[in-house]
Amino acid sequence: MKEVGEVIRLEQLYASPKHLSELFDMGMTSTRAIIDEMRASKKWRNSVVSYDRMIRVNIADFEKFWKTKSFIQ
């Protein structure tokens, strides 16, 4: 048998709305509203991937977009 010498850790790039709300400590309504705004924007729409009933959002882009909406920069 061949032994595994090293495991490569990869950074998570995308998350579901539920996990985004937990990660950023915000409610689902606020998270969904931000995702809807991202989908409507030409600049951020490629950061949201959606299939039938599955939505995944780029975590880094979600945070950048959220910061642009913040009153405190």
Side-chain angles (χ1 to χ4, degrees):
M1 264 212 259
K2 189 174 182 180
E3 289 186 34
V4 177
E6 186 176 328
V7 175
I8 300 172
R9 286 270 182 200
L10 297 176
E11 182 180 335
Q12 183 177 351
L13 300 177
Y14 289 84
S16 66
K18 177 186 174 190
H19 290 114
L20 286 172
S21 67
E22 292 170 0
L23 182 64
F24 290 97
D25 194 28
M26 57 178 25
M28 278 300 295
T29 305
S30 299
T31 304
R32 289 281 187 174
I34 291 172
I35 292 171
D36 289 343
E37 285 184 51
M38 288 178 75
R39 290 170 109 176
S41 170
K42 281 187 176 184
K43 180 179 179 182
W44 300 101
R45 102 172 32 141
N46 292 333
S47 300
V48 180
V49 178
S50 59
Y51 297 105
D52 289 333
R53 287 186 284 166
M54 182 182 76
I55 297 174
R56 296 294 182 260
V57 182
N58 186 298
I59 298 169
D61 289 346
F62 182 86
E63 183 176 13
K64 289 175 193 172
F65 184 78
W66 186 40
K67 284 182 179 180
T68 63
K69 296 292 178 184
S70 175
F71 293 114
I72 302 171
Q73 298 284 327

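Count residues from 1 along the sequence.
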Y51-V48 co-clustered via ILVMFWY side chain contacts under 4.5 Å | no
Side-chain donor-acceptor pairs of residues 24-38 under 3.5 Å, sequence neighbours excluded:
| unit_1 | atom_1 | unit_2 | atom_2 | d |
| --- | --- | --- | --- | --- |
| T31 | OG1 | G27 | O | 2.9 |
| E37 | OE1 | K69 | NZ | 3.0 |

Connected via hydrophobic side-chain network under 4.5 Å: F65 and L23 = yes
For the residue pair I55 and V57, what are the closest heavy atoms and their distance?
-> CG2-CG2, 4.1 Å
NE2 of H19 to CD1 of I59, rounded to nearest 0.5 Å, is 10.0 Å
Apply the test side-chain contact (heavy atoms from CB on, under 4.5 Å) to residues S50 and R39: give CA-CA distance (whole Å), side-chain angles for both, the deciding distance (0.1 Å), then the verdict.
-> CA-CA 10 Å; S50 59; R39 290 170 109 176; 3.0 Å; yes
Stepwise side-chain contact (heavy atoms from CB on, under 4.5 Å) check, K64 with W44 = CA-CA 10 Å; K64 289 175 193 172; W44 300 101; 3.7 Å; yes
